[in-house]
Asker: 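Have a look at this one before I ask anything.
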Amino acid sequence: MTRSIRFGVLAAALAVAPLAWAATKAKTKPDAPVGFDGAMRFFYADKFEEAAASLFRYLVGAGDSGDKTENARFFLAESLAKLGFHYAATEYYYDIAKVRRAPEFVAPSLAALEKITRERPFDEVLIVDDLIYDSPFGTVSEEVDDWLRYNRGVENFRHGLERWAVESFAGIRENTHYWYKAKYVEAIWNLRTGGAPEDSIKILASVIDAPAADEEVKNLARHGYARLLFEKGDYLESFKAYDKIRGDVRTAASILLEKAWAKFYLGDYRKAMGLLLALDAPIYKGFFAPEKYVLRAIILKTYCHYRAAKAATAAFRLDFGKALKTIRERTNLASVPEIYDAAVQEGELKRADAFLQTLLIEKGTIGDFGAWKAAGLSKHLDRMYTLKANEMKRRIAGNLKDATRRIAESLLDFEEQMNILDYEIGLDLYKRIRAKPSATTGAEEVTKIPKFSEDVYYLFEGEYWVDEFHDLSFDINDRCVE
Amino acid sequence: MRHAAPRLVAAALALGLAWGVAGGTARAAEEGGVAYAIQPRTFLLSHEFDFNVGVLPMDAFYKGVALGASYTYHFGEAVAWEVAQFTYSINVDTPLLGRLRNDFQVEPIPEPRLRYIGTSSLVLKPFFGKMAFSNRSIIHIEMFFVVGGGISKPSSPAVYPTVDIGAGLRFFGWKHVSFRFDVRDYVGFDGFHPKHFLCISIGVSPAFGDIRASREAKKAKGDEG
């Protein structure tokens, strides 16, 4: 919990302290109206379901003019957040911070919003555009100020207001989470404005090497750093940088795919094939990666494994056949799951889709809280979530057109490549015997698997273990000389 | 029953190896190659101490509560030498003797009871793997086989030359601590008469040193030379 949340909750707690002592004796029925004091008794007894119902009932009764309206809003938000309804909590925190009827609740609400935005998908338009970018807040804690400055800086960059963006970033305290995130944004901005990639690489390297930077920011920087080195053609260093990414993000499909490309360019086809195999894991179902079929077919063809290479091209047609048919029929591209999933795989659409999924999950649990029905909170939340979900669907649909067209074009490109590969595989079948092995590196050597070694060789039998994704390697023998 | 355990272990091992070899040969010919997850062994320690507690359950007239300790030097991934192993048995009478005396007026001829055993053994560690624990975490395990010799001291004045054979499972907890489950058959020879002392024990094994690091150091030294 950040400092400002603590201060806010402490202040609020002092305001209702006389009520808290009776918390453990609270025997009031959750259905009965208990007023604000009764609601606080529930809250301090950690009965958040009953607290939320009572606070909502109080808010409905008292309206905007109640003595404790802002207190009730804040503690309703707190109760909802504790129960996992982060979007609903966000709406109440937003209202408190935006309208500022009770200044003592503004700072803790902002701190709570900062925590939500850091940990989970959120409504960027509501929080960043409407609240942060558009509202002055007066005195807030240093942590919240860093968060506000970072978001204002990013928004200014997005609007092309570089000087204001730099000014916003300049106020962030050094060596903090948002200071390092701002460095990352600066590196990206440098590239956007045509700056030298080396400058961005330097900025990202400084974040990676900073002892004070947390792992989340470091991973972000490592990913950017690895991508820039890849673009420079330094595949070895790029792969090493990818390999240093840690935590849950390490298993992200995009990282595996990019590592496979790096290994492919380094000529280590076995490792590349292993990483591509990891992408077939059920966890990555829906990840748009037609490159994996192309890469796989090229590598298998290189080693004269023609049947397997053909199988790779056939798998592409099987997985994307429906999508390709839709593209040719010129019907609604977004109606095809493969194309929709691919379109929401990156950037703003990815974040919006993640927020939509979160909304739907949270909405699905409203019915679990029986005490809310009589108070009318279930109905209220259901309406709130439905409206927001519909808004998000409209927002996504509005931005989907360009993305789906891009995906469609890339799919057609890949299909073309597959056709060429199919043709080449067919040709190679008739000139199979060559003077020497075909592979370009030491990869054609037969893997020597020692009986015992410092490395353990787990034969892959179709069972995917997340801890093995980055360690999979293919044992392909060169059949071109058989 | 006493003799079943070693035979079962040997049969299981033979079956397992045969199955593994057959599977590997079949897969080697697959189109497109075969895939391996190649991961560095997380646990490669050289000096292991073990402190265990167990039971000698086989004698109907008494049960032994075994307290043991050992030191093992690991040469590498597959072979180790259990330099010294000592087990002391605190023997507890079962009600059987009293019932024979009181209910049936029978005085059985007492068999010598085990007091302690000291052995030195070769340890073979062909199996290493991992298990998913409640779909939450991964536990690394090792299965090992032990064969060796030493002495066992029964309650009689004699000292038996002893052969020691057994198997065990090791669960790796932290880098320097593992937990062991051992089943051993100590066969003491009273002349030509074998006396079996089956011991089942669990233990905790702190370990030190790093085989990988010492190999690298040796290699570096060799390169310098």
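When reading the values below, keep in mind they use all heavy atoms of this one structure, side chains included, and skip hydrogens, waters and symmetry mates. Chain identifiers are assigned alphabetically (A, B, ...) following the order of the sequence lines, protein sequences preceding nucleic acid strands; residue numbering begins at 1 within each chain.
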Asker: In terms of heavy-atom proximity below 4.5 Å to chain A, should B:Lys125 be classed as side chain, backbone, both, or neither?
Answerer: backbone
Asker: Looking at A:Ser453, is its backbone amide N or carbonyl O close enough to the side chain of B:Arg41 to form a donor-acceptor pair, meaning the two atoms are under 3.5 Å apart?
Answerer: yes
Asker: Report, as yes or no, whether the 6.0 Å neighbourhood of atom CH2 on B:Trp81 holds more than 12 heavy atoms from other residues, nucleotides or ligands.
Answerer: no
Asker: Give the minimum heavy-atom separation between B:Ile38 and A:Ser473, together with the two atoms involved.
Answerer: CD1-CB, 3.8 Å
Asker: Quick one: closest heavy-atom pair of A:Trp465 and B:Ala132, and the distance?
Answerer: CH2-N, 3.8 Å
Asker: Are more than 12 heavy atoms, taken from residues, nucleotides or ligands other than B:Ile138, located less than 6.0 Å from that residue's CD1 atom?
Answerer: yes
Asker: Decide yes or no for B:Lys130 and A:Val456: does some side-chain heavy atom of the first lie under 4.5 Å from some side-chain heavy atom of the second?
Answerer: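 Not in contact.
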Asker: Of the non-hydrogen atoms in B:Pro40 and A:Asp455, which two are nearest, and what is the gap between them?
Answerer: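 Result for this residue pair: CA-OD1, 3.3 Å.
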Asker: Is the closest basic N to carboxylate O distance between A:Lys451 and B:Glu77 below 4.0 Å?
Answerer: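 Not counted as a salt bridge, because no side-chain N and carboxylate O are separated by less than 4.0 Å.
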Asker: Could you tell me whether the side chain of B:Tyr36 reaches within less than 4.5 Å of the side chain of A:Leu472, counting heavy atoms only?
Answerer: no
Asker: Does a sphere of radius 6.0 Å around OH in B:Tyr116 hold more than 12 heavy atoms from other residues, nucleotides or ligands, not counting ones at 6.0 Å or beyond?
Answerer: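 Not buried by this count: 12 neighbours or fewer within 6.0 Å.
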Asker: With a 4.5 Å cut-off on side-chain heavy atoms, are B:Gln39 and A:Tyr457 touching?
Answerer: no
Asker: In terms of heavy-atom contacts, does CZ of B:Arg113 have more than 12 from other residues, nucleotides or ligands at under 6.0 Å?
Answerer: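 Count over threshold, so yes.
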